[in-house]
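Indexing begins at 1, ligand by ligand and atom by atom, following the structure's order. Values in this document were obtained by computation on a predicted structure and should not be read as measured data.
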Amino acid sequence: MRILVVGSGGREHALVWKIAQSKLADKVFCAPGNGGIAQAAECVDIKTGNIPELLDFAKKEKIDLTVVGPEAPLALGIVDEFKNHKLSIFGPNKSASRLESSKVFAKELMVKYKVPTAGFDIFENAAEARKYIEEKGAPCVIKADGLAQGKGVIVAKTKEEAIDAVNLIMEKRVFSEAGNRVIIEECLEGEEASILVLTDSKEVIALASSQDHKRVFDNDQGANTGGMGAYSPAPIVTRELFKDIMERIIYRTIDGLSREGVDYQGVLYAGIMLTKQGPKTLEFNVRFGDPETEAILPRLKSDFLEVMLATAEGKLNKISKLGGLAWDNRVCVCVVCASKGYPGEYEKGKEIFGLDEAAGMKDIVVFHAGTKRENNKILTNGGRVLGVTGMGKSIKETIDQAYKGVEKIHFDGMHYRRDIGQKAIAL
Ligand code: AMP
Ligand code: GLY
């Protein structure tokens with residue numbers, strides 16, 4: 001089979017890496033890919049938002065399955081477009097993608113179908129939002145309705161921070177039309193976990209649980225990022241909690257969508273806060289998590305391409321009948337190495353040293369997130385540069401292994417968290 005993966009981050013490197021291991025895969029392309037992906041797939045210079053060119057490429061190259069990494073092309077309707085041309089594609093259509101592209105849509109769906117989530121109000125007017133904050137006080141969470149590259153959520157400790165967030169989103173329009181509406185949400189407390197499932201809207205198969213580390217600095221300090229590291233499984237998600245999450249969050253959401261006439265096909269990611277009152281949904285993503293994918297996929301023993309194909313074709317029950325997915329019992333820890341300045345303005349073009357040495361280590365995989373190859377050198381080309389995944393028997397030894405891998409690598413201004421996975425040890 002000929003496969004096209006759309007995207008250029010660490011998640012896409014992990015997808016390409018896993019798909020290339022399938023007995024069904026003859027040739028893997030990635031658009032646009034990055035410096036590391038180029039070692040496992042043929043990179044094609046087409047941007048993820050250029051749907052007409054991606055479509056032309058898929059037709060010309062007789063692609064059997066396209067796998068979409070990021071949310072933006074899904075929200076633009078890449079799946080609808082490919083399906084109109086009878087091309088097989090993994091991911092939800094434009095209507096189903098609203099679960100991520102409109103937080104208001106997701107919240108209203110959750111209320112209608114009794115999916116546990118934080119209490120909230122929706123505002124279309126900045127003055128009303130400010131008045132509400134003055135009355136209700138802080139802490140609270142301000143969320144831009146639309147896609148904002150992971151920056152549209154502000155957890156405000158004080159009224160002033162909350163009002164600043166409303167002004168930024170609704171008056172200064174930093175996320176343009178994504179800020180037409182805001183949600184002001186009750187601030188939840190607890191541990192977070194990511195639950196990802198594959199579904200063709202009839203059948204649901206969960207992937208292994210994981211936990212992300214969203215803040216830039218150790219001990220969850222500093223600004224929110226796309227994710228500074230992850231581990232899988234997340235031991236905090238006990239069997240009982242998992243069952244509860246599946247029943248009250250995942251099934252109700254997929255079923256609710258179906259009742260609204262929306263069939264969901266692809267991967268559904270629920271960001272969950274484990275509160276004292278039980279699991280509550282923080283957000284939905286309509287794609288694989290990054291860096292969760294880099295910690296989950298190395299543990300998957302099943303043929304991933306076969307499973308994705310079954311999902312895209314609406315035949316996921318075939319996989320269930322064969323006994324579902326097989327997982328390696330070992331754990332994975334992924335540490336993200338970021339550029340100086342990330343998650344703010346960051347540097348690019350720094351040479352990366354030690355990659356071969358790290359990648360040559362036992363039980364280490366180095367996934368490239370923001371890199372490019374130039375004159376036989378690998379240079380930094382993004383905020384999150386690499387995801388170094390270690391695999392091992394216990395969480396403690398795996399953390400040590402992952403950091404041994406990280407220590408081999410160096411580039412100017414590189415920073416990373418030193419406490420990835422510590423929460424799992426504490427349990
Ligand atoms: P989201 O993009 O909605 O996942 O939000 C990013 C991060 O903001 C989450 O991972 C949480 O750490 C935090 N967050 C979002 N919503 C809430 C909430 N209602 N209460 C507390 N923290 C939240
Ligand atoms: N790691 C968080 C996300 O993928 O949205």
Side-chain angles (χ1 to χ4, degrees), residues 7 9-12 14-15 68-72 74-75 99-107 110 116-121 136 138-157 161-162 165 169 175 178 182-196 207 209-216 219-232 234 249 267-277 279-297 334-336 338 343 367 369 383-384 387 417 420 423:
R11 163 184 54 210
E12 286 76 21
L15 291 171
V68 187
E71 62 279 14
L74 293 168
L99 265 190
E100 181 168 359
S101 66
S102 170
K103 290 191 190 285
V104 170
F105 173 80
K107 281 296 211 182
M110 286 192 269
T117 189
F120 68 101
D121 275 285
K136 284 258 182 169
C140 62
V141 184
I142 315 294
K143 299 185 171 184
D145 175 40
L147 293 180
Q149 294 184 320
K151 295 184 183 145
V153 174
I154 295 141
V155 181
K157 291 199 191 79
E161 276 175 34
I169 297 170
F175 308 122
V182 296
I183 289 172
I184 303 184
E185 214 172 82
E186 154 201 19
C187 193
L188 299 177
E189 274 178 45
E191 280 292 315
E192 287 181 44
S194 306
I195 298 295
L196 282 74
L207 298 176
S209 63
S210 59
Q211 194 175 47
D212 188 10
H213 298 63
K214 290 244 164 72
R215 303 296 185 108
V216 65
N219 301 316
D220 296 332
Q221 301 297 309
N224 255 328
T225 70
M228 293 299 289
Y231 57 87
S232 172
I249 296 180
V267 62
L268 175 64
Y269 165 145
I272 311 253
M273 186 79 94
L274 302 169
T275 73
K276 286 201 181 109
Q277 294 80 39
K280 293 195 180 179
T281 318
L282 291 172
E283 62 161 348
F284 287 115
N285 294 317
V286 297
R287 45 155 180 93
F288 287 96
D290 193 354
E292 288 94 327
T293 307
E294 295 94 301
I296 293 173
L297 287 187
C334 174
V335 179
V336 169
F367 294 114
R384 291 189 290 176
R417 276 180 62 160
I420 304 299
K423 279 185 197 159

First locate atom [atom1] of [X], then atom [atom2] of [Y], and finally report the distance between them rounded to the nearest 0.5 Å.
X    : Y    : atom1 : atom2 : answer
L188 : K280 : CG    : NZ    : 6.0 Å
S210 : I195 : OG    : CD1   : 7.0 Å
E189 : M273 : CD    : CE    : 8.0 Å
L99  : L268 : CG    : CG    : 6.5 Å
D145 : S102 : CG    : OG    : 3.5 Å

At a heavy-atom distance under 4.0 Å, which protein residues reach ligand 1? Sort them by chain and number, would you? K103, A118, V141, K143, V153, V155, E185, E186, C187, L188, E192, K214, N224, M273, L282, E283
For ligand 2, list all ligand N or O to protein N or O distances below 3.5 Å, rounded to 0.1 Å.
| residue | atom | partner | partner atom | Å |
| --- | --- | --- | --- | --- |
| ligand 2 | 1 (N) | D212 | OD2 | 2.7 |
| ligand 2 | 1 (N) | G226 | O | 3.0 |
| ligand 2 | 1 (N) | D290 | O | 2.8 |
| ligand 2 | 1 (N) | E292 | OE1 | 2.9 |
| ligand 2 | 1 (N) | E292 | OE2 | 3.4 |
| ligand 2 | 4 (O) | R287 | NH1 | 3.0 |
| ligand 2 | 4 (O) | D290 | N | 2.9 |
| ligand 2 | 5 (O) | N285 | ND2 | 3.4 |
| ligand 2 | 5 (O) | R287 | NH1 | 3.4 |
| ligand 2 | 5 (O) | R287 | NH2 | 2.9 |

ring-ring contact (aromatic ring centres under 6.0 Å, His included) filter on F367, not counting sequence neighbours, yields H13, W17
May I have the step-by-step check of side chain to side chain contact (heavy atoms under 4.5 Å, CB included) for K143 and K107, ending in yes or no? CA-CA 11 Å; K143 299 185 171 184; K107 281 296 211 182; 5.6 Å; no
Evaluate the criterion side chain to side chain contact (heavy atoms under 4.5 Å, CB included) for residue pair I420 and C334; output intermediate values, then yes/no. CA-CA 8 Å; I420 304 299; C334 174; over 6 Å; no
Does any pair with a residue in residues 220-231 pass salt bridge (Lys or Arg N to Asp or Glu O under 4.0 Å), and if so which ones, sequence neighbours excluded? D220-R417, D220-K423
